[in-house]
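In what follows, chains are A, B, ... by sequence order, proteins preceding strands, each numbered from 1.
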There are 2 protein chains.
Amino acid sequence: MQNKQDEKVKDRISRFESLCREKGIPVTVQRRVILQTLLQRQDHPTADQIFEDVRKQIPDISRTTVYRVLEALVGLAVIRRVHSMGNAVRYDGNIHRHHHLVCRECGRMADWESPELNNLPMPKRKALGFHIDDYTIQFMGICAECRRQLEHEG
Amino acid sequence: MQNKQDEKVKDRISRFESLCREKGIPVTVQRRVILQTLLQRQDHPTADQIFEDVRKQIPDISRTTVYRVLEALVGLAVIRRVHSMGNAVRYDGNIHRHHHLVCRECGRMADWESPELNNLPMPKRKALGFHIDDYTIQFMGICAECRRQLEHEG
DNA sequence: CTCCGTGCAAAAGGTTTGCACTGGT
DNA sequence: ACCAGTGCAAACCTTTTGCACGGAG
């Protein structure tokens with residue numbers, strides 16, 4: 001069981017290394033250990049939590065490096081941010097069930113309402129200890145303005 | 001059209017005032033204007049964006065008040081946070097389509113996989129200018145630990 | 001050998017807190 | 001009059017940036 005998980009992690013890491021070689025990006029100890037640390041956790045840690053973990057293996061690593069490497073890994077699509085908006089809390093005056101279109105680039109959000117999405121099968125109360133009573137879907141993509149900008153850059 | 005929207009806002013505000021009276025919570029100018037400001041916007045502003053807006057009506061309002069009032073309104077279920085995790089970015093090593101159970105109280109998250117949720121009808125490319133290519137569902141509720149704690153408090 | 005990645009320190013957001021004062025009820 | 005809400009300033013936490021050094025390709 002544990003071995004199976006370990007193998008998966010090893011596999012992901014070696015695929016990451018191939019990807020780096022392909023793109024001519026240096027494979028550093030820090031990157032390998034940061035990726036490994038995230039992959040070994042079953043939760044969804046913050047950069048700082050990863051920093052604390054990684055420190056056990058690389059005591060002199062800098063917090064800055066952890067932040068930079070994580071964003072680099074996101075850029076390579078090796079890992080994901082859990083939610084792709086900026087780092088400020090956003091508020092919504094609409095309290096009935098509705099969904100959002102979110103731009104990966106700039107965090108811009110638009111509402112998305114669709115009756116067929118409003119009666120999905122919910123995890124039953126008690127799922128994993130959670131009492132779930134509502135849900136909201138984030139549709140992810142690129143907004144018109146960012147698309148235009150990306151095209152202009154090349 | 002505009003009048004219809006204005007009426008909705010007025011209605012929400014007067015319902016908010018009733019709720020306050022019911023609970024013996026003071027209705028202040030600041031609260032009314034902050035709520036109104038959020039309701040009049042069609043986007044999902046940050047506390048700071050609301051602060052800038054509200055300033056036009058109450059030039060001497062403090063940023064602190066805006067932060068506090070918004071959280072108070074969330075507590076009363078009059079408005080919502082767009083995503084209910086803490087204020088640090090979280091990373092996920094799992095890059096295939098999957099969903100999350102999120103605790104409203106503490107932000108704890110668990111993965112939720114369900115084949116029947118992995119082929120929902122997506123907004124067609126171009127919806128509102130967005131090119132959507134993926135989605136993820138956030139199921140919202142209370143985790144076991146927070147439930148226990150809330151019961152202990154009364 | 002050349003760059004990119006790293007570490008450090010400082011700055012830049014975003015948010016919270018303690019305290020004195022003001023304003024709703 | 002009482003208590004909760006507000007404003008201010010300072011603290012705090014998370015993230016970003018500039019620069020000099022060191023290690024990977």
## Note on the structure
Per salt bridge (Lys or Arg N to Asp or Glu O under 4.0 Å), B:Arg97 is matched among B:Asp92, B:Asp133, B:Asp134 by B:Asp134
Grab the [atom1]-[atom2] distance between [X] and [N] for me, whole Å please.
X	N	atom1	atom2	result
A:Gln49	D:dT14	CD	C1'	12 Å
A:Ile58	C:dC8	CD1	P	13 Å
B:Arg31	C:dG23	CZ	P	15 Å
A:Ile50	D:dT15	CD1	C1'	14 Å
B:Phe51	C:dG13	CZ	P	15 Å
A:Ile61	D:dG23	CD1	P	15 Å
B:Ile34	D:dG5	CD1	C1'	11 Å
B:Arg21	C:dT25	CZ	P	8 Å

### Task
Classify the ring geometry between B:His44 and A:His100 as parallel (under 30°), tilted (30 to 60°) or perpendicular (over 60°).
perpendicular
### Query
Any idea how B:Phe139 and A:Tyr135 line up, ring-wise: parallel (<30°), tilted (30 to 60°), or perpendicular (>60°)?
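Ring orientation of B:Phe139 relative to A:Tyr135: tilted.
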### Task
Verify the neighbour count for atom CD of A:Gln40: are there more than 12 heavy atoms of other residues, nucleotides or ligands below 6.0 Å?
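Buried by this count: over 12 neighbours within 6.0 Å.
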### Query
Can you find a side chain N or O atom of B:Thr28 that sits less than 4.0 Å from OP1 or OP2 on C:dG24?
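False: B:Thr28 side-chain N/O out of range (4.0 Å or more) of C:dG24 OP1/OP2.
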### Message
Is there a side-chain contact between B:Gln30 and the phosphate of C:dG23, meaning an N or O under 4.0 Å from OP1 or OP2?
### Response
no
### Message
Please determine whether a side-chain nitrogen of the Lys or Arg among B:Arg55 and B:Glu52 lies less than 4.0 Å from a carboxylate oxygen of the Asp or Glu.
### Response
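Salt bridge present between B:Arg55 and B:Glu52.
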### Query
Should the pair A:Arg108-A:Glu145 be classified as a salt bridge under the 4.0 Å nitrogen-to-oxygen rule?
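A:Glu145 and A:Arg108: salt-bridged.
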### Task
Look up atom CD in A:Gln36 and atom CG in A:Asp6, then write down how far apart they are to the nearest 0.5 Å.
8.5 Å
### Euclidean distance, B:His131 NE2 relative to A:Cys146 SG, rounded to 0.5 Å
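Those atoms lie 12.5 Å apart.
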### Task
Do nucleotides 14-21 of chain C as a string where each nucleotide becomes B, S or -: B if the base has a protein heavy atom under 4.0 Å, S if just the sugar-phosphate does, - if no protein is that close.
SBBBB---
### Query
Can you name the salt bridge (Lys or Arg N to Asp or Glu O under 4.0 Å) partners of A:Arg90, sequence neighbours left out?
none
### Earlier contact from the 5' end, DNA chain C, for A:Val29 and B:Cys20
A:Val29
### Query
End-to-end bend of the helix from C:dC1-D:dG25 to C:dT25-D:dA1 (five-pair axes, 10° rounding)?
40°
